[in-house]
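As structure tokens, the structure follows; a few thoughts come after it.
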Amino acid sequence: MADAMADDKGFMMQNYGRAPMVLARGDGAWVWDTEGKRYLDFLAGISVLNIGHAHPAVAAAVREQVGLISHTSNLYYNEYQPALGKRLVELSFPGRAFFCNSGTEANEAAIKLARKRAAKAGHPERFEVISFTNSFHGRTYGSLAATAEPHYQEGFGPMPEGFKVLPFNDLGAVREAVGPATAAIIVEPIQGEGGVHPADAAFLRGLREIADKQDICLIFDEIQCGLGRAGALFAHQRYGVQPDVMTLAKALGGGLPIGAVIGRGQWGDVLKPGDHGTTFGGGPLVCAAALATLDVLVGEDLPARAERMGAVLVEELKKGLAGVSAVREIRAIGLMIGIELDFPGRELVEQCRAQGLLINCTAGNVIRLLPPLVIDEAQARQGAAIVSAVIAGAAKERRSA
Ligand SMILES: Cc1ncc(COP(=O)(O)O)c(C=O)c1O
């Protein structure tokens with residue numbers, strides 16, 4: 001452990017604020033550090049290990065595929081890429097898929113697709129992308145420009161042109177802002193990094209109407225809230241509102257890096273050979289892993305489990321935090337849970353870790369829980385008990401200070 005941390009200090013760019021621990025292995029909702037200490041993982045690699053760590057089905061698929069062929073480039077077909085596209089389309093809506101390597105790349109591709117379609121229709125002046133306050137869409141320039149929080153952009157300017165940020169859940173603002181220059185609206189159905197803020201159903205329905213009326217591409221970024229976490233395989237299914245384009249990443253590869261863009265109907269036909277691409281995207285190794293991951297998610301009905309376990313967790317949290325006035329709100333959809341405090345939550349992350357629970361804090365004062373969807377009731381109760389005790393203890397200390 002000392003070596004990894006010393007080498008990181010000496011040789012790695014210091015762009016992460018890491019906890020002083022080295023993770024060595026995982027199993028389901030458990031992870032172990034190199035010293036053998038076990039933790040209940042209520043962060044799941046930031047919503048990546050939805051089917052749990054080291055799932056045997058993914059491990060087997062990867063092991064087999066890596067010994068056959070791990071990379072083909074996109075100059076040739078591989079067996080798994082089209083199969084994964086078919087599976088995702090069948091599970092979401094009729095259309096076509098494109099695969100890349102991360103969430104931010106998926107959003108880049110979605111934005112490019114929206115602009116390309118406008119240009120092909122003879123409207124190159126339609127390039128504007130609308131996004132919302134509190135959103136997070138990634139770190140590359142297009143996604144970063146759509147990411148509204150200034151601290152992500154600071155020092156990296158100028159941002160690319162053609163991005164406009166509007167207040168989240170404010171349909172009136174969207175109605176006023178859209179016009180002949182609008183190519184796309186990008187929104188997280190449930191904002192993750194921004195502090196677990198679900199969109200109002202009426203807001204998403206309204207965006208759908210506006211996009212239909214004005215021929216605007218409606219992009220749902222389901223990179224964090226998709227793939228079962230929100231109690232439905234895709235968050236938009238829960239809302240009953242279909243996007244034109246959906247972006248996925250994080251949990252899709254069961255721990256391996258993959259991003260996906262699904263274009264509904266005509267939106268799947270926009271890109272032609274040479275318009276967009278990637279060397280690694282859609283390789284046989286990650287696609288085999290993603291197919292195995294989807295089999296587990298769907299086969300074991302993990303979205304329904306997320307809903308059930310989410311309810312257990314929230315009930316326990318409510319019990320444990322009753323009367324703690326420092327808790328402003330508990331927001332939860334499935335197993336995407338945010339506990340908003342009236343004080344900064346950073347230190348609480350450390351305190352939970354000391355007690356064997358991994359969580360994080362986002363937006364400064366929101367304790368965020370994103371456990372694997374495979375957790376059982378005992379784990380849900382155990383995690384909730386630690387979080388509640390830590391929050392209640394910190395709130396008490398602040399009152400007496
Ligand atoms: C909603 C959302 N979109 C996009 C991204 C960016 O994904 P990646 O880090 O894989 O580029 C994230 C990452 O946290 C996210 O939560």
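Note that ligands are numbered from 1 as they come in the structure, with each ligand's atoms numbered from 1 the same way.
Between Arg87 and Glu90 there is no salt bridge, since none of the side-chain N atoms of the basic residue sits less than 4.0 Å from a carboxylate O of the acidic one. Using a 4.0 Å cut-off between charged nitrogen and carboxylate oxygen, Arg208 and Asp212 count as a salt-bridge pair. A salt bridge between Asp301 and Arg308 is absent, with no side-chain N of the basic residue lying under 4.0 Å from a carboxylate O of the acidic one.
Distance from atom 16 (O) of ligand 1 to its nearest protein heavy atom, with residue and atom name: Gln224 NE2, 2.8 Å. For atom 11 (O) of ligand 1, the nearest protein heavy atom (residue, atom name, distance) is Thr104 N, 2.8 Å. Ranking the protein heavy atoms by distance from atom 10 (O) of ligand 1 puts Gly103 N, 2.8 Å first. The single protein non-hydrogen atom nearest to atom 2 (C) of ligand 1 is Phe136 O, 3.3 Å, given as residue, atom name and distance. Among protein heavy atoms, atom 3 (N) of ligand 1 sits closest to Asp221 OD2, 2.7 Å.
An N or O contact shorter than 3.5 Å is missing between Ile223 and ligand 1 by distance. For ligand 1, the polar-atom distance check against Ile46 finds no nitrogen or oxygen pair separated by under 3.5 Å. In terms of polar-atom proximity, defined here as any N/O pair under 3.5 Å, Lys250 does make such a contact with ligand 1.
Considering all non-hydrogen atoms of both residues, Arg205 and Val241 come closest at CG-CG2, 3.7 Å.
A salt bridge (charged side-chain N to carboxylate O under 4.0 Å, His left out) with Arg117 holds for exactly one of Asp269, Asp215, Asp275; it is Asp215.
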### Query
Checking side-chain hydrogen bond (donor to acceptor under 3.5 Å, both in side chains) for the pair Gln242/His236: CA distance, chi angles, key distance, verdict?
CA-CA 6 Å; Gln242 282 188 342; His236 71 263; 5.3 Å; no

#### Entry: Trace of the side-chain hydrogen bond (donor to acceptor under 3.5 Å, both in side chains) decision for Asn74 with Thr279
CA-CA 7 Å; Asn74 281 305; Thr279 297; over 6 Å; no

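For the residue pair Asp244 / Gln266, no side-chain donor-acceptor distance below 3.5 Å is found, with atom types taken as modelled.
Close approach of ligand 1 to Glu193 is summarised as follows: ligand atoms under 4.0 Å from at least one heavy atom of the residue are 14 (O).
Shown here, atom 14 (O) of ligand 1 is in close reach of the protein: a heavy atom of it lies under 4.0 Å off.
Contacts between Asn107 and ligand 1 below 4.0 angstrom, taking non-hydrogen atoms only, involve the side chain exclusively. Contacts between Glu188 and ligand 1, counted as non-hydrogen atom pairs separated by less than 4.0 Å, involve the side chain only.
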